[in-house]
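Since the structure comes first, as structure tokens, the remarks are kept for the end.
Computed from a predicted structure; not experimentally measured. Just follow the structure's listing: the first ligand is 1, and inside any ligand the first atom is 1.
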Amino acid sequence: MAGTFRFSFGPWNIHEGADPFGPPVRQSIPFNQKLAQYRDLGFDGVQFHDDDAVPELDRLSPAQVVEQARAVRRTLEDHGLAAEFVAPRLWEDPRTIDGAYTANDPAVRAYARERSQLALDIADALGTDLVVLWLAREGTYIREAKDSRVAVGRIVEAMNDMLNANPGIRLAIEPKPNEPMDQAYIPTTGHAVAIGAQTVAPDRVGVNIESAHAVLAGLDPSDEMGFALACGKLWTVHLNDQNGLKFDQDKTFGSVDLRRAFNQVRLLDAHDYGANGEWVGLDVKAMRSQKDATATRHLSNSREIFLTLLDISRNLPASQMDELIAQRDYETLDRMVMMALLGR
Ligand code: XUL
Ligand code: MN
């Protein structure tokens, strides 16, 4: 029993370095030049927001959107790449300032649902059946702004629309507890699995677990993954790292807490992650201080750290560990793991 791992990231993971307090500090790299770098960095899969694939799609007809997405698919094939998922980017349009599916304004909800249909069309055209929903603005800054019972029902309705519109599509919710909103309606894996069960097609709703988002929720990422695996819902992951409870950092995988990263790798490996075609997504961001020429290192480094942790995990003496667990000698087990991580 072992995982089969192939790696993906999104074009946003090669980034100009802007943050809320300062402008871009690196040259913008055209999409096709980013694609040209994937294989050299060790990646075979591309994650997309709808408008990563079809920029300014709101100005195009549905037929034009599909035509452009088909052209992107041909470019992917030329580079030996595959599309992993498409995520509707519902958090940048001025209309969605106060939410998309959960906006109080029915015209905004209608826009969000139309835009989501376009994302499904783009997924089809790119040759993937997976649509990720990061519910960025589906929450509130103050509790009184929306009714949470109504809002959660509206998210279910929006998912039902997508599931009904395209019977071949699967949805993976990416939970996150906060940022940009103060409080999000679907903050954890448990919420995501539970809301999937409320839809018209629970078997076509799963989750995308991001390590940093779990940490922001005060939870252990590998336990969140274990919960999703136990429910048959871990359809993709966004591995990265996070230094405590602050803004979402998307740090290089393992760079804050190596043992926490080790336990994610070990769990995925123990449960044959990848056997059904699941990808290992790395949702990591280069530090703002990084210069242009080396601003993709966070991606290759994250993958290398994943594979090194995999090697460490597979080389641990399984029967000795079983014996220590049987004896409840967790101090020795702890030391064994620590020494392995320290390379001793
Ligand atoms: C936001 C986040 C997004 C999603 C894709 O925190 O992680 O990049 O992964 O929309
Ligand atoms: Mn993510």
Side-chain angles (χ1 to χ4, degrees), residues 7-20 34 43 45-55 57 83-93 96 99-101 112 115-116 118-120 122-123 126 128 130-139 155 158-159 162 170-189 191-192 206-217 219 221 224-225 228 234-243 245-253 261 264 278-286 298-299 302 306:
F7 297 86
S8 63
F9 69 86
W12 66 89
N13 296 115
I14 300 177
H15 185 257
E16 296 82 2
D19 70 16
K34 289 184 182 177
F43 290 77
V46 184
Q47 308 184 332
F48 287 92
H49 295 118
D50 49 6
D51 57 0
D52 292 323
V54 184
L57 74 170
E84 185 201 351
F85 69 65
V86 176
R89 199 196 300 267
L90 289 166
W91 52 92
E92 284 188 357
D93 191 277
T96 58
Y101 306 136
R115 169 109 182 207
S116 302
L118 287 180
L120 302 188
I122 293 172
L126 291 176
T128 177
L130 191 62
V131 166
V132 163
L133 300 177
W134 171 45
L135 301 165
R137 298 198 188 275
E138 315 306 353
I155 299 172
M159 290 199 292
M162 289 183 255
R170 296 179 299 138
L171 304 177
I173 300 175
E174 182 177 338
K176 181 176 178 181
N178 60 279
E179 199 201 37
M181 307 309 278
D182 179 34
Q183 308 268 6
Y185 287 128
I186 310 296
T188 69
T189 307
H191 291 80
V207 296
N208 173 17
I209 296 183
E210 174 159 328
S211 325
H213 297 180
V215 174
L216 286 170
L219 299 168
E224 288 288 274
M225 289 172 191
L234 191 60
W235 294 354
T236 188
V237 290
H238 264 178
L239 301 186
N240 54 22
D241 215 344
Q242 172 71 28
N243 193 10
L245 301 181
K246 52 185 88 173
F247 62 93
D248 184 10
Q249 294 183 299
D250 296 339
K251 286 170 89 74
T252 291
F253 183 57
Q264 292 169 67
E278 301 92 343
W279 292 82
V280 177
L282 289 158
D283 197 4
V284 287
K285 203 177 254 177
H298 59 301
L299 290 156
S302 290
F306 181 101

Only one of Asp182, Val215, Leu216 forms a side-chain contact (heavy atoms from CB on, under 4.5 Å) with Pro177, so which one is it?
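For Pro177, the side-chain contact (heavy atoms from CB on, under 4.5 Å) check succeeds only for Leu216.
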Contacting atoms of ligand 1, where contact means under 4.0 angstrom from a heavy atom of His238:
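So the answer, numbered in order with elements, is 9 (O).
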So Arg115 and Asp51, salt bridge (Lys or Arg N to Asp or Glu O under 4.0 Å) or not? Walk me through it.
CA-CA 10 Å; Arg115 169 109 182 207; Asp51 57 0; 3.5 Å; yes
Main-chain N/O of [Y] paired with [X] side-chain donor or acceptor, under 3.5 Å:
X: Glu210; Y: Leu282; answer: no
X: Thr236; Y: Asn208; answer: no
X: Glu174; Y: Val132; answer: no
X: Asn240; Y: Asp283; answer: yes

Can you tell me the angle formed at the Mn ion (ligand 2) by OE1 of Glu210 and ND1 of His238, to 10°?
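It comes to 110°.
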Within less than 2.8 Å of the Mn ion (ligand 2), any N, O or S from His213?
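Checking the Mn ion (ligand 2) against His213, no N, O or S atom falls under 2.8 Å.
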Does the shortest distance from the Mn ion (ligand 2) to an N/O/S atom of Asp250 fall below 2.8 Å?
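Asp250 does not place any N, O or S atom closer than 2.8 Å to the Mn ion (ligand 2).
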Side-chain heavy atoms of Ile122 within contact of Phe48, under 4.5 Å
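No; the side chains remain at least 4.5 Å from each other.
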Give the single entry among Glu179, Glu174, His49 that approaches atom 9 (O) of ligand 1 most closely by any heavy atom.
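The residue whose heavy atom sits nearest atom 9 (O) of ligand 1 is Glu174.
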Would one find an N or O of Lys176, backbone or side chain, under 3.5 Å from an N or O of ligand 1?
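The answer is yes, given that Lys176 and ligand 1 share an N or O pair closer than 3.5 Å.
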Are any of the N or O atoms of Asp248 closer than 3.5 Å to those of ligand 1?
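Yes; the residue has a nitrogen or oxygen that sits under 3.5 Å from a nitrogen or oxygen of the ligand.
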Phe247 to ligand 1, any heavy atom closer than 4.0 Å:
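No.
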Whether His213 lies under 4.0 Å from ligand 1, heavy atom:
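Heavy atoms of His213 do come under 4.0 Å of ligand 1.
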Pair Lys285 + Asp248, salt bridge at N-O below 4.0 Å:
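Asp248 and Lys285: not salt-bridged.
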For atom 8 (O) of ligand 1, what's the nearest protein heavy atom and its distance?
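In this structure, atom 8 (O) of ligand 1 has Asp283 OD2, 3.2 Å as its nearest protein heavy atom.
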In Asp283, which N, O or S atom comes closest to the Mn ion (ligand 2)?
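Nearest N/O/S atom of Asp283: OD2.
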Among the N, O or S atoms that Glu174 has, which is closest to the Mn ion (ligand 2)?
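Minimum-distance N/O/S atom of Glu174 relative to the Mn ion (ligand 2) is OE2.
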Select one of side chain, backbone, both or neither to describe which atoms of Val132 lie under 4.0 Å from any atom of ligand 1, heavy atoms only.
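No part of Val132 comes within reach of ligand 1.
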Trp91-His49 aromatic ring centre distance below 6.0 Å:
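Trp91 vs His49: aromatic centres under 6.0 Å.
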